[in-house]
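All remarks here apply to the structure that follows.
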Amino acid sequence: MKSRTSGSVVRLAAPLRALAQRFTFLLLALASVALMMVGKVEAPVVDDVRARVTDAFAPILDALSRPAATAARVVEAVADIQNVYDENQRLKTENARLMQWYQTALRLEAENASLHTLLRFSPEPPTSAITARVIAAPGGSFYRTVVVTAGRRDGVKKGQAAVAGNGMVGRVVEVGEWSSRVLLITDLNARIPVTLEQSRQRAVLAGDNSDQPKLLYLPPEAPVTVGERVVTSGHGGIFPAGIPIGVVASSGERGVKVQPLADLARVEHLRLIDYGAGSPLGEAETAPRETK
Amino acid sequence: MTLSFWQRLDKAGRNLTPFAITVMLGLLGMMPLRLPAFAEVAPSLTLMSVYYWSIHRPDLLRPSAVFAIGVLMDLLSGAPLGLHGLILVLVQGTVLSQRRFFLASTFLLMWVGFGMVMFGAAFTEWLVFCALNATLVPFRALFFQALLTLALFPLFAWAFIRIHRAFLQG
């Protein structure tokens, strides 16, 4: 190509080129800073660009995530085989306990329904869920997001709660055509209105980059017991009320820390909860909701 | 004529190697590995690649390409836009301005140089992030990320040297 000509130019004008190069670096560094400003000021535009670029790379990320998922599964399978007996015993006892709970739940459901009719309680809008696979979990010290394979065409909307197995893991912050990004509850920017299940105390769950997010705006005299469940409060109307998030792990001078129920490092599939969309089909009820 | 066209295509393909490897490593770094507490200390693979190729073939990894890779990583990873662009460009600028030092004769010296660049980059990232969020965030996770990247560097550098010799010599 141009190698010969550019080679002689380099020899002739090396100092000039070095200067130009220095200038390029300065220019590019300034451009980065300018981009950061744009990201701060024009966040919606940047989110849109992000969603488009993520869409474009989603197939590649999807392809790359499959071998990783398989490897993780193989490792887990080996570990499972090792403790299959203990696991069986544990599950038997757990099943016995859950059967009792099931009976209790049925009784409470019936009782709740009859009380609702007595009170003319207006029911909450039905929820439906979209299941999506996690295809990217970008490593970074200061941001916790995952990319999932469901987007606008699947009905994903910004703000939907993402639930993995037994607890909420985050909420949708960007929606592309066939991919979207979920901000995990441990991210520095995550804020979720929550209620402590027993004391009915309201608070805001705020990520702080550690594995255990903390509770903000709790009154100092509020009784907080370690082990108490933390659920979404439904305030703000973004998430349904009562999605379990975690349990209080510690309460001390450094604030109240919450241990998420879901293992955030190992989520493979997420359910994005469509709330208030009024889906008449009433697909799989996603979380036990409670009413005050 | 035909032969020269294919030769040119071959050369162009080979010359794309550093860029392609850096992008691929960036995407590989986003794989969900499902290891506990791994995401926050996931090694910075693009940084290794930019460091290596900036020392050995800066003509094939231009500052503009490095900047583009950084911005792409920002967009895909959910990091503040421009963060990786800035860091990667600064890393390349540092390496090129002191290339004589970094173009070390022994592997150990290259590793030591990488350690210095890595911790400089981690510190820059921390500064930028604190400035962007107007809060002091703990440096701990970044420190361990830098350590892990440093520990894995020989493995990747070995692969880079292999690839360098296989595709870009002669």
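Chain letters run A, B, ... following the sequence lines, proteins first, then strands; residues in each count from 1.
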| query | Any donor-acceptor pair under 3.5 Å linking the side chain of Arg50(A) with the backbone of Ser77(B)? | reply | no
| note | Ordered numerically, the heavy-atom neighbours of chain A under 4.5 Å found in residues 58-67 of chain B are Arg62(B), Pro63(B), Ser64(B), Phe67(B)
| field | Which atoms of Leu28(B) approach chain A - backbone, side chain, both or neither, heavy atom under 4.5 Å | value | both
| query | Mind checking whether Leu83(B) and Phe142(A) have side chains closer than 4.5 Å, heavy atoms only? | reply | no
| request: Using the six-membered ring wherever Trp is involved, compare the ring planes of His84(B) and Tyr143(A) and label them parallel, tilted or perpendicular (cut-offs 30° and 60°). | output: perpendicular
| message | With a 4.5 angstrom heavy-atom cut-off, is it the side chain or the backbone of Pro138(B) that approaches chain A, or both, or neither? | response | backbone
| field | Arg153(A), CZ: over 12 other non-hydrogen atoms inside 6.0 angstrom | value | yes
| note | Checking heavy-atom separations under 4.5 Å from chain B, one finds in residues 51-64 of chain A Val53(A), Thr54(A), Phe57(A), Ile60(A), Leu61(A), Leu64(A)
| said: One pair to check against side-chain contact (heavy atoms from CB on, under 4.5 Å): Met36(A) and Leu81(B). What are the steps and the verdict? | reply: CA-CA 5 Å; Met36(A) 286 178 205; Leu81(B) 190 62; over 6 Å; no
| remark: In terms of heavy-atom contacts, Leu35(A) and Gly82(B) come closest through CB-CA, 4.1 Å
| query | Do you know which of Phe144(B), Trp126(B), Phe129(B) has the most heavy-atom pairs under 4.5 Å to chain A? | reply | Phe129(B)
| said: Below 4.5 Å, heavy-atom pairs only: which of Val89(B), Leu27(B), Leu76(B) has the largest tally toward chain A? | reply: Leu76(B)
| field | Pairs of heavy atoms under 4.5 Å with chain A: top-ranked of Leu90(B), Asn133(B), Ile87(B), Leu72(B) | value | Leu72(B)
| Which region of Val41(B), side chain (C-beta onward) or backbone (N, CA, C, O), has a non-hydrogen atom less than 4.5 Å from a non-hydrogen atom of chain A, or is it both or neither? | neither
